[in-house]
Amino acid sequence: MASVGPPAASTQPALPSGPAVFKTIPYAFILPEILCGTWVWILVAATSVSFPLLQGWVMYVSLSSCLISLLLLLSYIFGFHKNSENWKVLDSLYHGATAILYMSAAVLQANATIRSESGPNAPLYYQLNSAASFFAFITTFLYILHAFSIYYQ
């Protein structure tokens, strides 16, 4: 005979809301992702964008990822998730897909950096493109960490 009692507590940890977002891994990665991604598009925009096809993709990925990550961060801070497990899946899929897109953008930005070694304003644009490449790879790494660390909570 089955005993009647209170329902079993969920073994899944609760999704953070409010300031706890900044103290909980992997959700604490969202703010550094936004900041590093912002640096990518600021640095690329500071150059003359000599290679519009390459750097246009970098700008698109960095700007759209920054805005979507900001919306995701705000949704966690204000508790729109209502502790639904679907948010973990959405978060993991978003960060995994964005990591792939950011990797392509980082490689294209590195290509633009190599191509900017010579030409007008070469030292300045090369340094800006190098910094943008660095932040693009750091941002890619942060998105990868975020996507995989959801499974190890």
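Note: hydrogens, waters and symmetry copies are ignored here, and every other heavy atom, side chains too, is used. Positions are given from 1 along the sequence.
Between His95 and His146, the ring planes are parallel. Angles under 30° get that label, and only those over 60° would be called perpendicular.
The side chain to side chain contact (heavy atoms under 4.5 Å, CB included) test with Ile34 singles out one residue from Thr139, Leu70, Leu72, and that residue is Leu70.
In this structure, the side chain of Ser65 does not engage the main chain of Ser62 through any donor-acceptor pair within 3.5 Å. In terms of modelled atom types and a separation under 3.5 Å, the side chain of Ser75 and the main chain of Phe80 share no donor-acceptor contact. Side-chain atoms of Ser149 come within 3.5 Å of backbone atoms of Leu145 as a donor-acceptor pair (strictly under, hydrogens ignored). At distances below 3.5 Å, not a single donor-acceptor pair connects side-chain atoms of Ser69 with backbone N or O atoms of Cys66. Proximity of a side-chain donor or acceptor of Ser104 to a complementary backbone N or O of Leu101 within less than 3.5 Å is detected.
Taking both residues in full, the closest heavy atoms of Ser92 and Ala147 are given as OG-O, 3.7 Å, listed atom of the first, atom of the second, then distance. Across all their heavy atoms, Phe29 and Ile25 have their closest contact at CE1-CG2, 4.0 Å. Of all heavy-atom pairs spanning Asn129 and Gln109, the tightest one is OD1-NE2, 3.0 Å. Closest of all the heavy-atom pairs between Val44 and Ala132 is CG2-CB, 3.8 Å. Ala105 approaches Val58 most closely through the heavy-atom pair O-CG2, 3.2 Å. Smallest separation of non-hydrogen atoms from Ala99 and Ile144: CB-CG1, 3.6 Å.
Atom OG1 of residue Thr47 and atom CD of residue Gln55 lie 4.5 Å apart, to the nearest 0.5 angstrom. Note that SG of Cys36 is 8.5 Å distant from OH of Tyr102, once rounded to the nearest 0.5 Å. In this structure, CH2 in Trp87 is found 6.0 Å from CG in Leu90, a value given to the nearest 0.5 Å. Atom CD of Glu33 sits about 11.5 Å away from atom CZ of Phe141, to the nearest 0.5 Å. Remark: Leu71 CG to Ile30 CD1 distance equals 11.0 Å, nearest 0.5 Å.
Considering only heavy atoms from C-beta on, Trp57 stays 4.5 Å or farther from Leu54 through its side chain.
Transitive grouping of hydrophobic side chains (ILVMFWY, heavy atoms separated by less than 4.5 Å) brings Leu142 and Leu35 into a common cluster. Tyr76 and Leu93 are not part of a single hydrophobic cluster, where members link through side-chain heavy atoms under 4.5 Å apart. Hydrophobic clustering (ILVMFWY, side-chain heavy atoms < 4.5 Å, transitive): Phe134 and Val61 are in one cluster. Linking ILVMFWY residues whenever their side-chain heavy atoms come closer than 4.5 Å, directly or via other members, leaves Val107 and Leu43 in distinct clusters. Under the 4.5 Å side-chain heavy-atom criterion for ILVMFWY residues, a single connected hydrophobic cluster contains both Trp41 and Leu31.
Using a 3.5 Å distance cut-off with no hydrogens or angles, the side chains of Ser130 and Thr113 do not pair a donor with an acceptor. Counted by atom type alone, Asp91 and Tyr27 present zero donor-acceptor pairs between their side chains at under 3.5 Å.
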Working note: Met103 + Phe137, criterion side chain to side chain contact (heavy atoms under 4.5 Å, CB included); need CA distance, chi angles, decisive distance, verdict. CA-CA 7 Å; Met103 180 58 81; Phe137 281 107; 4.0 Å; yes

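In Tyr94, the OH atom is crowded: over 12 heavy atoms of neighbouring residues, nucleotides or ligands sit closer than 6.0 Å.
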